[in-house]
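Every value quoted in this text rests on a predicted model; they were computed, and no experiment measured them. Proteins come first, then strands; the chains are lettered A, B, ... in the order of their sequence lines, and each starts at number 1.
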There are 2 protein chains.
Amino acid sequence: MIDVAKAAGVSKSTVSLVLRGAAGVKADTVEKVNTAIRELGYVYNRDAAGLRSRESNLVAIVANDLANPYLAQVIIALEGELELRGYMPVVVNINESVDRQSSMVASLKEHNVAGFFITPAPGTEAVWLRELADASHPVVCLMRDVEGAHVPTVMPDNRLGMYLATRYLIGLGHKRIAFVGGLTTISDYHERKDGFLKAMREAGLTVKDSDIEPSSTKRQGGTIAVNRVMDRDASITGIVCFTDVVAYGVYTALQERGLTPGKDIAVVGFDDLEDSRLMSPALTTVRVRAEDIGQMAYERLQQWRDNQKVPENALVGVELVVRSSCCSVEG
Amino acid sequence: MIDVAKAAGVSKSTVSLVLRGAAGVKADTVEKVNTAIRELGYVYNRDAAGLRSRESNLVAIVANDLANPYLAQVIIALEGELELRGYMPVVVNINESVDRQSSMVASLKEHNVAGFFITPAPGTEAVWLRELADASHPVVCLMRDVEGAHVPTVMPDNRLGMYLATRYLIGLGHKRIAFVGGLTTISDYHERKDGFLKAMREAGLTVKDSDIEPSSTKRQGGTIAVNRVMDRDASITGIVCFTDVVAYGVYTALQERGLTPGKDIAVVGFDDLEDSRLMSPALTTVRVRAEDIGQMAYERLQQWRDNQKVPENALVGVELVVRSSCCSVEG
DNA sequence: CTGAAAGCGCTTACAG
DNA sequence: CTGAAAGCGCTTACAG
């Protein structure tokens, strides 16, 4: 920078002003400085800037599992918001491990990030999260709620989504409906299950314990879980799946059992992944717009930085997308 | 840090030594310093350290598309290698855009990263990449080669993979085989196509221009591309797909045409995604172990940092995984 | 509108 | 084995 100053015939302070686009520098001087920067191939040192100013444009997106396609959508949306505002989003992947989560987050703090977006790993402790947030670092949780942490959280309206999906199946005449997939260690599982149970209860339908089978959220989880449910009780005619990915696994299992989704049995998902409309049959599912999550999450961060009161929980709207995976059933 | 020094009754230098785990500090002193650190909730400032030492533990993984499941696997593997060695991997997503690629990389340079892993966006210029690498930042390309850049690149043995896949189909008696999917703007497309053509040529089989149809690498790309090919010529009995994801899209199109993969028509993919073995029929494909890519890529970085000669190109081994998506054909 | 000086929190020689 | 001093490249008041 001192070289740039020399080359442009000005002082370091002036170069700094130009670099940060401060108003009130003569256009002429700006021009000279920029030319010098270009000619010298000067690279701004953010370590030095951050050290002095205590500010950073780095924002961390701490992702629980990069292999999850829906999360990928959310990350992409959030990155878009962040970049638009001059932040530098970096994503780190914790693979559902609390240990990696805490070591990665500690590292990120050392790097002086301006804020955290985080999908908390199963087993995340409320104290840990609250203390992280206290330390002048804004924290926004994505997709998952950690009870007692009181950190702003943006997630889909899981209850309503599953309620709508289940009601739709009930409206089609289904009476024996199973709820399949999802990890019981994470908040969204319970919310989605609640939505399912509420719809069943309202319709006066019974849900046996054996109609509910949690599983990994991978494709194979759906395959295993639905097989268990159907082995126990073949009278099931409708399957409400924790996510679209689980539903894909359910398709596989059903087909292997000689059942055609959309004809012999009804299947509904949650997320509306891009692939879902290309499955055969096209999957009926609950859509949650990843862009909405990204946008609301960004707003939370901004409110925090502006010292506004940040609402603790924000529910992102959901919408049932009817395609061809649900047949009706004779009354 | 000065507070820590005071609390521990030592000098700043000693604290620094302890922090970096230098040998030759009395165990007693180390103990005192660590206690002070814990009690004061001290957070190491990497900006300051990086400014002074010109070193960084940050490594950037510049990903062309976070929504690509195979790339996600590679990233996860690479992160594992990096973390094992004390690096802090951060991933930034460029969404196949050269502009975002250059702005993100410029930002990353300002943050003084220790190295770049990058899957170059279509249209990446060789000069840009070479200059990036010159600037004392090690650069390793992943999955894609940029001609003329002379930057170490780690990618699957695309030619061999597709050669094996095609030979397999030929061995099953197929004579009319199409090559479907892939973006012509990226090196891997041409390599895979070459492997396909080589196998066909060796077997004395003709390939018409209309048997080859590039497309987006998304699922829908496969659907569209295979429909085009089959509309032009229904005598095709085997489909070699650019990737597994493309093959999934091909499945959809085929089923809509009343054709069952593995019975009426043969389909083979490339990547061996986790889902592929769960498709029905299970997809025959070319496996490229993401762990191998991660490991070789890490080695390249290390060699560079150790001032060893880094071999320019490294091909990762491939393996045909036979499952049930390929039928044989009467001679 | 521009310059000279101090200081952010570390690490790096260099003494001792 | 430990301490005192200088300096990394910026930004921040403060003069002028």
Rounded distance (Å) that lies between atom [atom2] of [N] and atom [atom1] of [X]:
{"X": "B:His111", "N": "D:dG9", "atom1": "NE2", "atom2": "C1'", "answer": "15 Å"}
{"X": "B:Ile37", "N": "C:dC10", "atom1": "CD1", "atom2": "C1'", "answer": "13 Å"}
{"X": "B:Lys26", "N": "D:dT2", "atom1": "NZ", "atom2": "C1'", "answer": "9 Å"}
{"X": "B:Asp3", "N": "C:dC8", "atom1": "CG", "atom2": "P", "answer": "12 Å"}
{"X": "A:Tyr44", "N": "D:dC8", "atom1": "OH", "atom2": "P", "answer": "18 Å"}
{"X": "B:Asn57", "N": "C:dC10", "atom1": "CG", "atom2": "P", "answer": "15 Å"}
{"X": "A:Tyr42", "N": "D:dC10", "atom1": "OH", "atom2": "P", "answer": "3 Å"}
{"X": "B:Ile2", "N": "C:dC10", "atom1": "CD1", "atom2": "P", "answer": "10 Å"}

Practice problem: Return the 5'-most residue of the pair B:Arg52, B:Ser11 with respect to DNA chain D, ranking by each residue's nearest nucleotide. | Solution: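 This one resolves to B:Ser11.
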
Exercise. Could you tell me whether B:Ser13 contacts a base, only the sugar-phosphate backbone, or nothing, with contacts defined as non-hydrogen atoms closer than 4.0 Å?
Key: base

Quiz item: Quick check: does any side chain N or O of A:Thr153 sit under 3.5 Å from a backbone N or O of A:Val151, one acting as donor and the other as acceptor?
Solution: yes

Quiz item: Can a side chain N or O of B:Ser16 be found less than 4.0 Å away from OP1 or OP2 on C:dT12?
Solution: no

Quiz item: Reckon A:Arg20 has a side-chain N or O less than 4.0 Å from the OP1 or OP2 of D:dT12?
Solution: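 Yes.
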
Self-check item: Nucleotide forming a Watson-Crick or wobble pair with C:dA4, both distances under 3.5 Å
Solution: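 C:dA4 is paired with nothing.
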
Quiz item: Can you tell me the Watson-Crick or wobble partner of D:dA13, both distances under 3.5 angstrom?
Solution: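 Answer to the pairing question: none, since D:dA13 forms no Watson-Crick or G-U pair.
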
Practice problem: Between A:Lys12 and A:Thr29, name the one whose nearest nucleotide on DNA chain C is closer to the 5' end. | Solution: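 It is A:Thr29 whose nearest nucleotide is closer to the 5' end.
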
Self-check item: A:Val10 side chain, from C-beta outward: closest of C:dT12, C:dC8, C:dG3
Solution: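 Of all the options, the side chain of A:Val10 is nearest to C:dG3.
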
Practice problem: Output the single nucleotide from C:dG3, D:dT11, C:dG9 whose closest atom is nearest the side chain of B:Asn45. | Solution: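 So the side chain of B:Asn45 is nearest to C:dG9.
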
Quiz prompt | Min side-chain heavy-atom separation A:Leu315-A:Met155 under 4.5 Å | solution =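 In short, these two side chains touch, coming nearer than 4.5 Å.
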
Flag for [Y]-[X]: side-chain donor and acceptor within less than 3.5 Å:
{"X": "B:Gln101", "Y": "B:Thr124", "answer": "yes"}
{"X": "A:Ser187", "Y": "A:Asp145", "answer": "no"}
{"X": "A:Asn112", "Y": "A:His137", "answer": "no"}

